[in-house]
Amino acid sequence: MIEGGRRIEGELRVQGSKNGALPILAATVVTGCTSILHRCPCLRDTDAALHILRHIGCDAVRSGESVIVRADAPQRWEIPESLMRCMRSSIIFLGALIARFGRAELTAPGGCEIGLRPIDLHVSALSALGVKTDERGGKLCCHAPNGLHGANITLSFPSVGATENILLCAVCAEGDTVIRNAAREPEISDLASFLNGCGARITGAGSDTIVVSPTGVFRANEHTIMPDRIAAATYLSTAAVTGGSIRLRESAPDSLLPVLPYFEQCGCVVRIAGDDVLLQSPQRLRAPRLVRTMPYPGFPTDFQPSAMVMAAVSLGTGVFVETIFENRFRHVPQLRRMGAHITVQSNVAVVEGVPRLNGAIVYATDLRGGAALVNAALCAEGETRIGCIGHIDRGYENFEHNLALLGAGIKRIDSDAE
Ligand code: UD1
C-alpha cells in the first residue's frame with residue numbers, strides 16, 4: 001500500500017545483482033569446490049537457486065549477505081518441475097549439471113509472462129559442445145555421450161542465458177571454445193571473473209568474442225557479486241519521478257552507462273563520484289527521445305517499464321520500442337488505470353506525459369513491471385494498492401524497507417488478514 005506524493009531523498013547501498021548471482025550460484029556446481037559468495041542478494045529467485053543446489057546435493061547456506069556453497073559431492077542431475085517452476089531462469093542449471101555429471105534432466109522452463117523465452121539457442125550451442133538433447137513430455141533430457149569438446153560457436157542472437165550455459169560447459173570441455181556474437185552484459189563478465197577465480201581461463205568476457213581454454217582444475221574461491229544495475233536504475237528512477245534526489249553507494253557506475261543518458265535527457269542531473277551515482281531530479285521531467293531496448297550496451301529491456309513511468313509523468317511525448325521480449329508491455333494497462341496516457345501497437349508504446357498519475361488498485365504482472373508500478377504509485381496522488389507483489393520479491397531486496405527509509409509512504413500489508 002503506497003501513499004503517493006512524497007519526495008524520495010537520501011542514500012542507499014545497491015543490492016548485489018540478481019542476474020549476476022544466479023549463474024554464479026549455478027557455476028558453483030561446476031567447480032566442485034567450496035565457493036563463498038559475498039553481496040549475494042536475498043531474493044525469491046536466489047532462494048530458489050539455493051533450493052536447487054540443496055536438491056542436487058550441495059551444501060548451501062546463507063550467512064547475512066554471503067552464501068557458502070560446498071559442491072564436493074552432489075548426487076542428482078535432475079531438477080523436478082516443482083523447483084524449475086519457482087524460477088524461470090533455472091535453465092542456467094542445465095549447463096552446470098551437464099558440465100558436472102555429463103547429463104541433466106529438467107523440465108523445459110516453458111512460457112513466461114514477458115514472452116515465449118525459447119531455449120533453442122542454448123540447445124544448439126550445447127549440441128556443438130557434444131550434448132545430445134531429447135525433449136519428452138515437457139522434460140528435457142541431455143547427455144554428452146562422448147564427453148564435452150570445445151567448439152566454435154556463433155550465436156544468431158547474443159542471448160545472455162545461452163552465453164552463460166556455454167561458458168559453464170566449455171570450462172569443463174576438452175579443447176578451446178570460441179563464442180562469437182556472445183552476450184556482452186556485465187553479468188557475463190562477473191560469471192567469467194568468478195570462474196577464472198576458480199581456476200578457469202576465460203578471456204574476452206564483456207566483448208562479443210569469448211575464448212574459453214579449459215584448465216582441468218578448479219579451486220575454492222571467494223567472490224563478491226557485482227552491484228545490481230537494474231535495481232540501481234529502478235531506484236534512480238524512483239528519485240526522478242518523485243522530484244527527489246538520491247545517492248547510490250557502491251553501484252558500479254560503468255555498468256549504468258547505457259541508462260544514465262536517459263536520466264539526463266529527461267532533465268535530471270547525474271553525477272558519478274567514485275563508485276557512487278548521484279541523481280537530482282528537475283521540477284518536472286522532460287519526455288525522452290525514442291527509447292529502443294537492445295542487448296548490452298544498448299538500453300536494457302529490464303529498465304524499460306520504470307523508464308516508461310518517468311515518461312508517463314514528463315512534459316511531452318516519448319516512444320518506446322521493445323525489441324528483446326515480445327510481451328513486455330504488460331504493465332501498461334495497469335499504468336493506464338493510474339491515469340497514464342499510453343497507447344501500444346505491437347512492440348511500440350507511445351507515452352504522452354501527464355502532470356500527475358492517480359492512485360488505484362493495480363497488479364504486478366511481472367518483476368520489472370511490478371517495480372515500475374511501485375514507482376508510479378510513489379509519484380501518484382493518493383493511495384495505490386499493488387497486488388501480486390510476489391513478482392517484485394523475485395528481484396528487489398528489502399524493497400519497501402529501502403523505499404520507506406528514503407521517505408516513501410509504503411507498507412506491505414497481508415491482504416488475507418484484512
Ligand atoms: C536475461 C536476464 C533478463 C533480461 C534478459 C535480456 C537473467 C537471469 N535474466 O534473460 O533479466 O531481461 O537477459 O537482457 O540474467 N531467445 C531465443 N532463444 C534462446 C534464448 C533466447 O529466441 O534460446 C530470445 C528470448 O526469447 C528473448 C531474447 O532472446 O526474446 C533475449 O533472451 P536472453 O538474452 O536469453 O535472456 P535471458 O537469459 O532469458
Side-chain angles (χ1 to χ4, degrees), residues 16-27 40-41 43-46 48-49 52 84 86-96 108-128 131 133 135 140 142 153-168 179 181-191 208 225-226 228-234 255 258-259 292-307 321-331 347 366-372 391-392 394-396:
S17 162
K18 170 180 87 71
N19 290 353
L22 295 176
I24 291 176
L25 285 168
C40 185
L43 305 165
R44 247 179 60 178
D45 272 12
T46 46
I52 292 176
M84 284 298 288
C86 292
M87 177 179 61
R88 306 206 183 255
S89 36
S90 43
I91 191 68
I92 197 60
F93 278 89
L94 180 66
C112 171
E113 64 274 2
I114 56 172
L116 288 170
R117 284 190 139 165
I119 53 162
D120 53 315
L121 299 173
H122 301 243
V123 170
S124 64
L126 294 180
S127 142
V131 178
T133 302
E135 224 184 313
L140 212 57
C142 302
I153 299 170
T154 302
L155 291 171
S156 57
F157 177 87
S159 156
V160 176
T163 305
E164 290 165 348
N165 263 330
I166 300 169
L167 284 180
L168 294 179
I179 315 170
N181 199 23
R184 296 165 61 187
E185 269 70 1
E187 292 78 13
I188 302 281
S189 306
D190 206 22
L191 172 62
D208 61 359
I225 309 280
M226 65 174 283
D228 195 310
R229 63 193 170 95
I230 303 300
T234 307
S255 70
V259 297
R292 178 184 287 269
T293 62
M294 295 290 276
Y296 195 87
F299 193 91
T301 174
D302 286 354
F303 182 52
Q304 176 259 105
S306 283
V321 183
E322 172 59 53
T323 76
I324 307 293
F325 289 108
E326 55 286 313
N327 194 15
R328 211 165 196 179
F329 288 143
R330 294 192 64 199
H331 47 283
N347 68 332
D366 60 83
L367 164 58
R368 306 302 173 186
H391 287 296
I392 304 173
R394 286 186 40 222
Y396 291 87

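Remember, predicted model here, so these are calculated numbers, not experimental data. Whatever order the structure lists ligands and atoms in, that order sets their numbers, starting from 1.
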Inset, instruction - Give a yes or no on whether a salt bridge exists between R394 and D45, defined as a side-chain N under 4.0 angstrom from a carboxylate O. - result: yes

Inset, instruction - Examine T301 against ligand 1 and note whether any of their N/O atoms are separated by less than 3.5 Å. - result: no

Inset, instruction - Return a yes/no value for S159: is any of its N or O atoms, backbone included, closer than 3.5 angstrom to an N or O of ligand 1? - result: yes

Legend entry - Short N or O distance, P158 and ligand 1, threshold 3.5 Å exclusive: no

Legend entry - Residue F157 vicinity, atoms of ligand 1 by number, heavy atom under 4.0 Å: 28 (C), 29 (O), 31 (C)

Legend entry - For S89, the ligand 1 atoms whose distance to one of its heavy atoms is below 4.0 Å: 8 (C)

Inset, instruction - May I ask you to check if ligand 1 and F325 share an N or O to N or O distance below 3.5 Å? - result: no

Legend entry - Heavy-atom check, side chain of P297 versus side chain of R184, under 4.5 Å: yes

Inset, instruction - Not counting sequence neighbours, which residues clear side-chain contact (heavy atoms from CB on, under 4.5 Å) with A307? List them please. - result: Y262, F299, F303, F320

Inset, instruction - Could you tell me whether D120 and ligand 1 have an N or O pair separated by under 3.5 Å? - result: yes

Inset, instruction - Compare every heavy atom of A183 with every heavy atom of S159, then report the nearest pair and how far apart it is. - result: O-CB, 3.6 Å

Legend entry - For R328, the ligand 1 atoms whose distance to one of its heavy atoms is below 4.0 Å: 12 (O)

Inset, instruction - Could you tell me which atoms of ligand 1, counted from 1 in the order shown, lie closer than 4.0 angstrom to a heavy atom of I119? - result: 19 (C), 23 (O)

Legend entry - Test item, H122 contacting ligand 1 (heavy atom, 4.0 angstrom): yes

Legend entry - Distance filter under 4.0 Å to G161 heavy atoms, resulting ligand 1 atoms: 35 (O), 38 (O)

Inset, instruction - Give a yes or no on whether the backbone of T323 and the side-chain of N347 come within a donor-acceptor separation of less than 3.5 Å. - result: no

Legend entry - Full working for side-chain contact (heavy atoms from CB on, under 4.5 Å) between L167 and I179: CA-CA 9 Å; L167 284 180; I179 315 170; 4.0 Å; yes

Legend entry - Validation row: S127, T133 side chains within 4.5 angstrom (heavy atoms): no

Inset, instruction - Check whether any heavy atom of A183 sits under 4.0 Å from an atom of ligand 1. - result: no

Inset, instruction - For the pair T163 (side chain) and A182 (backbone), establish whether a donor and an acceptor sit closer than 3.5 Å, ignoring hydrogens and angles. - result: no

Legend entry - Nitrogen or oxygen of D302 less than 3.5 angstrom from that of ligand 1: yes

Legend entry - Set of residues satisfying salt bridge (charged side-chain N to carboxylate O under 4.0 Å, His left out) with respect to E187, sequence neighbours excluded: R229

Inset, instruction - Say whether V160, considering both its backbone and side-chain N or O atoms, lies within less than 3.5 Å of an N or O atom on ligand 1. - result: yes

